[in-house]
Amino acid sequence: QVQLVVSGGGLVQPVGSLRLSCTASGSIFGINTMGWYRQVPGKERELVASITSGGSTNYADYVKGRFTISRDNAKNMVHLQMNSLKPADTAVYYCNTRGIAVAAGTTSYRYLAELWGQGTLGTVSS
């Protein structure tokens with residue numbers, strides 16, 4: 001059974017920093033794409049950043065130059081370093097993985113299309 005465990009979040013003042021981490025556990029061969037989404041009340045969940053197994057990144061315009069996504073393939077982890085935080089960054093942040101290769105028996109694997117982790121609240125306030 002595969003699951004995502006998220007750590008990080010909390011309360012920080014404007015221009016401060018937070019670091020989120022997500023670990024995928026289970027018999028995993030690899031993960032195609034890992035990313036972070038965020039959601040505020042009354043709005044749709046939106047992409048913050050994503051990174052492929054090869055290291056290609058994609059960022060939302062509002063976080064470019066401030067946030068950095070990275071991953072450790074050996075540990076099946078993804079991180080989001082959030083710097084220069086603004087009150088508008090206050091949201092519940094979710095870890096997302098797509099294209100997860102999971103062991104099936106001893107000689108084969110199967111793909112899970114998508115898996116979400118639990119949300120963690122990041123609050124930016126003075």
Side-chain angles (χ1 to χ4, degrees):
Q1 183 175 354
V2 180
Q3 65 176 15
L4 304 179
V5 179
V6 177
S7 63
L11 175 64
V12 66
Q13 293 184 333
V15 309
S17 299
L18 287 172
R19 185 172 187 266
L20 308 180
S21 297
C22 176
T23 303
S25 63
S27 299
I28 300 171
F29 284 102
I31 301 171
N32 183 21
T33 304
M34 307 183 77
W36 295 93
Y37 289 71
R38 70 186 188 187
Q39 187 171 26
V40 299
K43 295 184 178 181
E44 298 291 330
R45 189 174 300 183
E46 60 185 12
L47 174 70
V48 178
S50 65
I51 184 168
T52 69
S53 60
S56 297
T57 58
N58 184 40
Y59 294 94
D61 287 341
Y62 54 84
V63 305
K64 288 181 178 178
R66 299 189 298 123
F67 293 8
T68 302
I69 189 170
S70 61
R71 63 186 286 170
D72 185 333
N73 292 330
K75 297 180 179 179
N76 291 319
M77 295 185 68
V78 61
H79 309 279
L80 185 67
Q81 180 66 44
M82 303 188 291
N83 298 328
S84 302
L85 286 164
K86 308 172 182 179
D89 294 318
T90 297
V92 177
Y93 287 78
Y94 296 88
C95 178
N96 170 267
T97 61
R98 296 178 180 178
I100 309 111
V102 184
T106 59
T107 60
S108 63
Y109 60 88
R110 61 184 177 90
Y111 275 105
L112 298 178
E114 185 175 55
L115 185 65
W116 290 92
Q118 80 278 16
T120 184
L121 177 63
T123 302
V124 185
S125 176
S126 60

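These values consider heavy atoms only, across backbone and side chains, with no hydrogens, waters or symmetry-generated copies.
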_Using side-chain heavy atoms (C-beta onward) and a distance below 4.5 Å, is Gln81 in contact with His79?_
no
_Gap separating the OG1 atom of Thr90 from the CG atom of Leu121, nearest 0.5 angstrom_ = 7.5 Å
*Is there a path of hydrophobic side-chain contacts, each under 4.5 Å between heavy atoms of I, L, V, M, F, W or Y residues, that connects Met34 with Ile28?*
yes
_Taking Ile69 as the starting point, is it possible to reach Tyr94 by hopping between hydrophobic residues whose side chains are less than 4.5 Å apart?_
no
*Under a 4.5 Å side-chain heavy-atom rule over Ile, Leu, Val, Met, Phe, Trp and Tyr, are Val12 and Val63 clustered together?*
yes
*Can you name the closest pair of heavy atoms from Thr120 and Gly9 and give their distance?*
OG1-CA, 3.8 Å
*Between Tyr59 and Leu18, is there a shared hydrophobic cluster once you connect ILVMFWY residues whose side-chain heavy atoms come closer than 4.5 Å?*
yes
*asked:* Hydrophobic cluster membership, with links at side-chain heavy-atom distances under 4.5 Å among I/L/V/M/F/W/Y: are Val40 and Leu20 in one?
replied: no
*Can you sort out the partners of Arg71 under salt bridge (Lys or Arg N to Asp or Glu O under 4.0 Å), two or more places apart, ordered by chain and number?*
none
*Write out all pairs satisfying ring-ring contact (aromatic ring centres under 6.0 Å, His included) with one or both partners inside residues 18-43, taking only residues at least two apart or from two chains.*
Phe29-Tyr109, Tyr37-Trp116
*Ser7 side, atom OG; Gln118 side, atom CD - distance, nearest 0.5 Å*: 9.0 Å
*Identify the heavy atoms of Ala88 and Arg38 that sit nearest to each other, and give their distance.*
O-NH2, 4.1 Å
*Quick one: do Lys64 and Asp61 make a salt bridge, cutoff under 4.0 Å?*
yes
*Would you call Arg66 and Met82 a side-chain contact if the rule is heavy atoms closer than 4.5 Å?*
no
*Spatial distance of atom OG1 (Thr97) from atom CG (Leu115) [nearest 0.5 Å]*: 4.5 Å
_Looking at every heavy atom in both Ser84 and Ser17, which two are closest together, and how far apart are they?_
N-OG, 4.5 Å
*asked:* Would you compute the distance between atom CG of Asn76 and atom SG of Cys22 and round it to the nearest 0.5 angstrom?
replied: 10.0 Å
*Would you call Cys95 and Val78 a side-chain contact if the rule is heavy atoms closer than 4.5 Å?*
yes
*Report yes if the side chains of Asn96 and Glu114 come closer than 4.5 Å at any heavy-atom pair, otherwise no.*
yes
*Side chains of Asn32 and Arg98: closer than 4.5 Å at any heavy-atom pair?*
no
*Does some side-chain heavy atom of Phe67 sit less than 4.5 Å from a side-chain heavy atom of Asp89?*
yes
*So, the side chain of Ser126 versus the backbone of Gln13: is there a donor-acceptor pair under 3.5 Å, distance only?*
no
*Can you tell me how far the CD1 atom of Ile51 sits from the OG1 atom of Thr33, to the nearest 0.5 Å?*
9.5 Å
